[in-house]
Amino acid sequence: MTVAPAAGKRFEVSMPVVVIGAGAAGLVAALAVRAAGVDVLVLERDPVPRGSTAMSAGLIPAPATRWQAAAGIIDTAELFAADILAKAHREPDAAVVMHLAETIGPTLEWLADAHGLPFDVITEFLYPGHSTYRMHGLPTRSGVELVQRLSAAAEQAGVMIMTDARVDTLYADPDGRVCGIGFARPNDSRDEVGCGALVLACSGYGGNPALVSRHVPELADALFFGHEGNQGDALVWGEALGAATRHLSGHQGHGAIAHPHGIQITWATITQGGVQVNRDGRRFADETLGYSEQAAAVVAQPDGIAFTIFDERIAAVARGFEDFRQAEAAGAVVTAASIPELAERLGLPVATLTATLCAVEAAQCAKATDAFGRDFSRTPPLVPPYRAVKVTGALLHTQGGLVVGTDARVLRDDGTALPNLFAVGGAACGVSGSQASGYLSGNGLLSAVGLGRTAGLVAACAVKAKPVPHGDDAHAG
Ligand SMILES: Cc1cc2nc3c(=O)[nH]c(=O)nc-3n(C[C@H](O)[C@H](O)[C@H](O)COP(=O)(O)OP(=O)(O)OC[C@H]3O[C@@H](n4cnc5c(N)ncnc54)[C@H](O)[C@@H]3O)c2cc1C
């Protein structure tokens, strides 16, 4: 990944706006560019747009939406922003947080009205750190549906999407203005295109072991459960162009990836009253603090393994998620009529597991807080038959990145904006701060979808004000 001088370059083809990456961030940015009547080209390295977005449950938090109103849920941008900042230890840029909290609701309603995405709000359970029910999802609760619907909407809106196009070079002027990009095509062929504005929507660096070792060392040996295309290209280009970076240790982990099946087990299994034990049959943390920080806690257990234990009531809730249904179909979810049978099926010491689950039951019946600080007052005791899944902890995606303002423009260390560069989603510094514990459920798609729309609108506006030359007139300086 390089930044090369634009001096002397001629681009036979130029587009007003080019977007690198066709995950949620890039597709929403492109839709916003088209909504402003401006042409846009999206370049995606994979044969089909998927990204981390397709691996997610596609759940996006938003306050004060019409779906919340219909369900009688009272919520505000201020409350949402306060939740984000509290979870992230007040580290994120408060202005960016407030911008996202204020714009994400209208953005989801725009995607529903203009592009037919049938969102609704999840009221079955509350995600850790959210003051109220505000996670919105599509019918299957899967990111595959999200990215497929966004891709279809983009094509219908006239967005040009070129797949099998891995961008490897940015051509820039000395002041940091990006004049065009170069990309590799299958069969070793190459192409170049000029641009008036460039949106980096090519996500973070979770798939780059060297960058993970440097910035997230506690998960250097953990499973990476995001998209392998997240190689840190935006970070490398941004740094070369003089962009500021922040919170590079920030990330979203997950403490329950079915092992060895490699299927994410919804954290509803925990928030509804389930617990995790290690190979010794002992609990090791307050699981309700959040699934993100639980990743490192699980990885630190013997063999990096834990067992999520719940019951049929909770399994019925979890079946609302495609991933959980797949886990059941794959045989990852064990059923046992009693604790001894559960111990035998999981290969755990029966005496310790019995003591652990009896202590949990006592806390649940007494509605007490346990020694780890977990509050058991809100969930009923587990009842047989038990369900359990063997899991490991994983890195899902990184949350640090290029510093952006509320207009999604990439900023230098001195706070000035690069001339025509935008970063969105995993490419930008998110709103989770520098620690895994700062990740509030939904922060990933919040900045993908929220910043994506902002970048598209601002970039479109900017190129309308200063049109990019086309064809032979394109940048030659
Ligand atoms: C298992 C899992 C579950 C998750 N669940 C949730 C959830 O429920 N809610 C939530 O908010 N977040 C969730 N997240 C996080 C969320 O998926 C991401 O934050 C979000 O999808 C990021 O969107 P993006 O568009 O920035 O990146 P991506 O969706 O990863 O898209 C980036 C795209 O850029 C392409 N690309 C990369 N480099 C280049 C290049 N050089 N040239 C061309 N193309 C390139 C990639 O191939 C990829 O398609 C989850 C993540 C994972 C892995």
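As the structure lists them, so they are numbered: ligands from 1, and atoms in each ligand from 1. Keep in mind that the numbers below use all heavy atoms, side chains included, and drop hydrogens, waters and symmetry copies.
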With heavy atoms under 4.0 Å as the rule, classify the contact between [X] and ligand 1 as side chain, backbone, both or neither.
X: Ala165; answer: backbone
X: Val147; answer: neither
X: Trp267; answer: neither
X: Gln231; answer: neither
X: Leu445; answer: both
X: Ala448; answer: side chain
X: Arg45; answer: both
X: Glu44; answer: both

Ligand 1 contact by Tyr291, heavy-atom criterion under 4.0 angstrom: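 Heavy atoms of Tyr291 never come under 4.0 Å of ligand 1.
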
Of all the heavy atoms in Asp46, does at least one lie under 4.0 Å from an atom in ligand 1?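 In this structure, Asp46 qualifies as a contact of ligand 1 - some heavy atom is under 4.0 Å.
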
Quick one: look up the protein heavy atom nearest [atom] and list residue, atom name and how far away it is.
atom: atom 26 (O) of ligand 1; result: Gly426 N, 2.9 Å
atom: atom 19 (O) of ligand 1; result: Gly444 CA, 3.1 Å
atom: atom 23 (O) of ligand 1; result: Thr53 OG1, 3.5 Å
atom: atom 51 (C) of ligand 1; result: Gln252 OE1, 3.8 Å
atom: atom 34 (O) of ligand 1; result: Gly21 CA, 3.3 Å
atom: atom 4 (C) of ligand 1; result: Ser56 CB, 3.2 Å
atom: atom 30 (O) of ligand 1; result: Ser52 N, 2.8 Å
atom: atom 25 (O) of ligand 1; result: Ala25 N, 3.0 Å

Can you figure out which of Asp168, Leu396, Thr398 has its heavy atom closest to atom 52 (C) of ligand 1?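 Considering heavy atoms of Asp168, Leu396, Thr398, the nearest to atom 52 (C) of ligand 1 sits in Leu396.
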
Evaluating non-hydrogen atoms only, which member of Pro47, Ala201, Ala234 is closest to atom 32 (C) of ligand 1?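 Comparing heavy atoms across Pro47, Ala201, Ala234, the nearest one to atom 32 (C) of ligand 1 lies in Ala201.
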
Is any side-chain heavy atom of [X] closer than 4.5 Å to a side-chain heavy atom of [Y]?
X: Lys9; Y: Tyr171; result: yes
X: Val275; Y: Arg374; result: yes
X: Leu138; Y: Leu117; result: yes
X: Ile104; Y: Val449; result: yes
X: Lys87; Y: Tyr439; result: no
X: Val33; Y: Leu31; result: no
X: Asp120; Y: His136; result: no
X: Val178; Y: Trp237; result: no

Give yes if a backbone or side-chain nitrogen or oxygen of [X] is under 3.5 Å from a nitrogen or oxygen of ligand 1, and no if not.
X: Gln264; value: no
X: Pro61; value: no
X: Phe225; value: no

Roughly how far, to the nearest 0.5 Å, is OG of Ser447 from CD of Gln399?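 Gln399 atom CD to Ser447 atom OG measures 5.5 Å (nearest 0.5 Å).
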
Working to the nearest 0.5 angstrom, can you tell me the gap between Leu223 CG and His259 NE2?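 Output value for this atom pair is 9.0 Å.
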
Counting each atom of ligand 1 from 1 as listed, which ones have a heavy atom of [X] under 4.0 Å away?
X: Leu43; result: 43 (C), 44 (N)
X: Asp233; result: 38 (N), 39 (C), 40 (C), 41 (N)
X: Ile20; result: 40 (C), 42 (N), 43 (C)
X: Gly229; result: 37 (C), 38 (N)
X: Gly226; result: 53 (C)

Is it the case that atom CG in Asp221 sees more than 12 heavy atoms from other parts of the structure closer than 6.0 Å?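 Counting neighbours around CG of Asp221, 12 or fewer heavy atoms of other residues, nucleotides or ligands fall under 6.0 Å, so no.
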
Test: Arg166 and Asp46 ion pair at under 4.0 Å: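 No, Arg166 and Asp46 are not salt-bridged.
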
Among Asp407, Thr406, Thr454, which one satisfies side chain to side chain donor-acceptor pair (under 3.5 Å) with His99?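 Exactly one pass, corresponding to Thr454.
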
Side-chain donor/acceptor of Asp323 to backbone N/O of Ile263, under 3.5 Å: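 Side chain of Asp323 to backbone of Ile263, a donor-acceptor pair under 3.5 Å: no, none is there.
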
Do Lys390's NZ or CZ and the ring of Phe307 fall within the cation-pi criteria of under 6.0 Å and 45°?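 No, Lys390 does not lie over the aromatic ring of Phe307.
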
